[in-house]
Amino acid sequence: MKFAITSKGNPTSNALMHKMRMYLQDFDMVYDEEQPDIVISVGGDGTLLYAFHRYSSRLDKTAFVGVHTGHLGFYADWVPSEIEKLVIAIAKTPYQIVEYPLLEVLIRYRHGGKETRYLGLNESTVKSIVGTLVMDVEIRGDHFERFRGDGLCVSTPSGSTAYNKALGGAIIHPSLHSIQLAEMASINNKVFRTVGSPLILPEHHTLVLKPVKTFDFHVTVDHLTVMHRDVKSIQFRVAEEKIRFARFRPFPFWKRVHDSFISDGD
């Protein structure tokens, strides 16, 4: 089996990365950064996001596993003291594959050029470059509302615990193939009105944002931020691709939610 390791880059993560690489090669596993069967992320959720985007063209062939060297992560379920146990599990144990849904983002342009496509593991946000964001929101081809405010966030179920939660969005179990739209400081008064609540869309529904007056936007996809000009529309839906995690032991989603937001360490 071929493997690769990504590191957060700090001394602790780098030391673990080198130790795991040596251990796995002692088990006759092959280090291959180009075509790995399994990618080990050492750091935190941000490190795994980086690994996901690096290997997004191999999602049907590559599985991910995370080791967290800081705070508990939603994607990283192993701790440094367990790396010997993890190495033996990777080298000797058939692992279970758990798949999570992803977000597809399609940006189309008024000049008719080639559309831009992204895959997101956590979320995508849209903000105006200057002033208030004004967007017509369409669901399944029908006009839903005209949004005015700071911005909009569309998240995956596994990303619902990240920025989406800070915006007052719901936490969604990753077994539910869906996307969620959350507002950032919408303008609601006698003249302007939005639904004011997060919307959860199933996988067969498509969400489209259409500019009203200005056509240049800051678009984020996970940790990536890009300015897009002359935008005609931004489409979101559940992607056909999925991310695959290698599970060597149970890693219940609701336990992660509890441990991250509720547990006092007892």
Report task. Decide yes or no on side chain to side chain contact (heavy atoms under 4.5 Å, CB included) for Asp222 and His53, but give the supporting numbers first. Result -> CA-CA 9 Å; Asp222 295 333; His53 284 276; 2.6 Å; yes
**Report entry** Stepwise side chain to side chain contact (heavy atoms under 4.5 Å, CB included) test for Ile243 and Phe52
**Finding:** CA-CA 8 Å; Ile243 186 171; Phe52 160 74; 3.8 Å; yes
Requested in this report: Could you walk me through whether Tyr75 and Phe64 pass ring-ring contact (aromatic ring centres under 6.0 Å, His included), step by step?
Outcome: CA-CA 9 Å; Tyr75 300 119; Phe64 297 83; 9.7 Å; no
Query raised in the report: Passes side chain to side chain contact (heavy atoms under 4.5 Å, CB included), Val87 versus Met20? Steps please.
Result: CA-CA 7 Å; Val87 164; Met20 292 189 73; 4.1 Å; yes
Requested in this report: Please step through side chain to side chain contact (heavy atoms under 4.5 Å, CB included) for the pair Ile234 and Val219, ending with a clear verdict.
Outcome: CA-CA 10 Å; Ile234 306 174; Val219 178; 4.1 Å; yes
Requested in this report: Take Thr69 and Thr12 through the side-chain hydrogen bond (donor to acceptor under 3.5 Å, both in side chains) test and state the conclusion after the steps.
Outcome: CA-CA 7 Å; Thr69 55; Thr12 300; over 6 Å; no
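Judged by distance alone, the side chain of Ser233 and the main-chain N or O of Lys210 form no donor-acceptor pair under 3.5 Å. Between the side chain of Ser81 and the backbone N or O of Val79 there is no donor-acceptor pair closer than 3.5 Å. A donor-acceptor pair under 3.5 Å is formed between the side chain of Arg249 and the backbone N or O of Asp77. Of the possible polar contacts, none joining the Asp150 side chain to the Met184 backbone as a donor-acceptor pair under 3.5 Å is found. Using modelled atom types, one side-chain atom of Glu145 and one backbone atom of Val195 make a donor-acceptor pair closer than 3.5 Å. Put simply, the side chain of Glu138 never gets that close to the backbone of Leu209: no donor and acceptor are under 3.5 Å apart. Judged by distance alone, the side chain of Ser7 and the main-chain N or O of Gly9 form a donor-acceptor pair under 3.5 Å. A side-chain donor-acceptor contact under 3.5 Å links Asp37 to the backbone of Lys2. Within the 3.5 Å criterion, the main-chain N or O of Pro174 finds no donor-acceptor partner in the side chain of Ser158.
The closest side-chain donor-acceptor pair between Thr6 and Thr47, if any, does not fall under 3.5 angstrom. Using modelled atom types, one finds a donor on one side chain and an acceptor on the other under 3.5 Å when comparing Ser186 with Asn188. A donor-acceptor pair shorter than 3.5 Å cannot be found between the side chains of Tyr50 and Asp45. Counted by atom type alone, Glu183 and Thr194 present one or more donor-acceptor pairs between their side chains at under 3.5 Å. Side-chain atoms of His228 and Tyr109 include a donor-acceptor pair closer than 3.5 Å.
Ion pairing between Arg54 and Glu33 holds under the 4.0 Å rule for side-chain N and carboxylate O. Between Arg229 and Asp216 a salt bridge is recorded (basic side-chain N to carboxylate O distance below 4.0 Å). In this structure, Glu241 pairs ionically with Arg117, as a charged nitrogen and a carboxylate oxygen lie closer than 4.0 Å. Of the charged side-chain nitrogens involved, none lies within less than 4.0 Å of a carboxylate oxygen, so that Glu34 and Arg58 do not count as a salt-bridged pair.
Atoms CZ and NZ, from Arg108 and Lys232 in turn, are 8.0 Å apart once rounded to the nearest 0.5 Å. Summarising the geometry, atom CD belonging to Gln180 is positioned 8.5 Å from atom CG belonging to Leu199; distances are rounded to the nearest 0.5 Å. Put simply, CH2 on Trp78 and NE2 on His68 are 11.0 Å apart, with the number rounded to the nearest 0.5 Å. The line from CD of Gln96 to CZ of Arg247 is 8.5 Å long, rounded to the nearest 0.5 Å. With rounding to the nearest 0.5 Å, the separation of CG in Leu152 from OG in Ser128 is 11.5 Å. A distance of 13.0 Å separates CG in Leu181 from CD in Glu123, rounded to the nearest 0.5 Å.
The hydrophobic cluster containing Ile107 does not contain Met227, counting ILVMFWY residues as joined when their side-chain heavy atoms lie under 4.5 angstrom apart, directly or transitively. The hydrophobic cluster containing Phe147 also contains Leu207, counting ILVMFWY residues as joined when their side-chain heavy atoms lie under 4.5 angstrom apart, directly or transitively. One hydrophobic cluster holds both Phe27 and Val67 under the rule that ILVMFWY side chains link at heavy-atom gaps under 4.5 Å. Residue Met29 is grouped with residue Phe248 when hydrophobic side chains (ILVMFWY) are merged at heavy-atom distances under 4.5 angstrom, including chains of intermediate members. Under a hydrophobic clustering in which Ile, Leu, Val, Met, Phe, Trp and Tyr are joined whenever their side-chain heavy atoms come within less than 4.5 Å, directly or via other members, Leu133 and Tyr163 fall into different clusters.
For the pair Val221 and Thr125, the minimum side-chain heavy-atom distance is 4.5 Å or more. Side-chain contact between Tyr118 and Leu102 is absent, with no heavy atoms from C-beta onward closer than 4.5 Å. Side-chain contact between Val126 and Met135 is present, with at least one heavy-atom pair separated by less than 4.5 Å. For the pair Leu103 and Val154, the minimum side-chain heavy-atom distance is below 4.5 Å. Inter-residue side-chain proximity for Trp254 and Ile171 is flagged as met; some heavy-atom pair is nearer than 4.5 Å. Residues Ile90 and Ile40 form a side-chain contact, since some pair of their non-hydrogen atoms from C-beta on lies under 4.5 Å apart. The shortest distance between side-chain heavy atoms of Tyr23 and Lys19 falls below 4.5 Å. A heavy-atom distance below 4.5 Å is not found between the side chains of Arg237 and Glu203.
Note that Arg256 lies in the cation-pi zone of Phe251, set by a 6.0 Å cut-off to the ring centre and a 45° limit from the axis. A cation-pi contact links Arg110 to Phe215, judged by a cut-off of 6.0 Å to the six-membered ring centre and 45° from its axis. Geometrically, Lys165 engages Phe261 in a cation-pi contact, judged by NZ or CZ lying under 6.0 Å from the ring centre and within 45° of the ring axis.
Scanning both residues, Pro101 and His177, for their nearest heavy atoms gives CG-CD2, 3.9 Å. Nearest heavy atom pair, residue Glu104 against residue Leu119, reads CA-CD2, 4.4 Å. Val231 approaches Pro211 most closely through the heavy-atom pair O-CG, 3.3 Å. A pairwise comparison of heavy atoms in Ile5 and Arg21 identifies CD1-N, 3.7 Å as the closest pair.
Aromatic rings of Phe3 and Tyr31 (six-membered ring for Trp) have centroids within the 6.0 Å cut-off, being under it.
For the side chain to side chain donor-acceptor pair (under 3.5 Å) test, residues two or more places apart in sequence or in another chain that qualify with Ser175 are His173.
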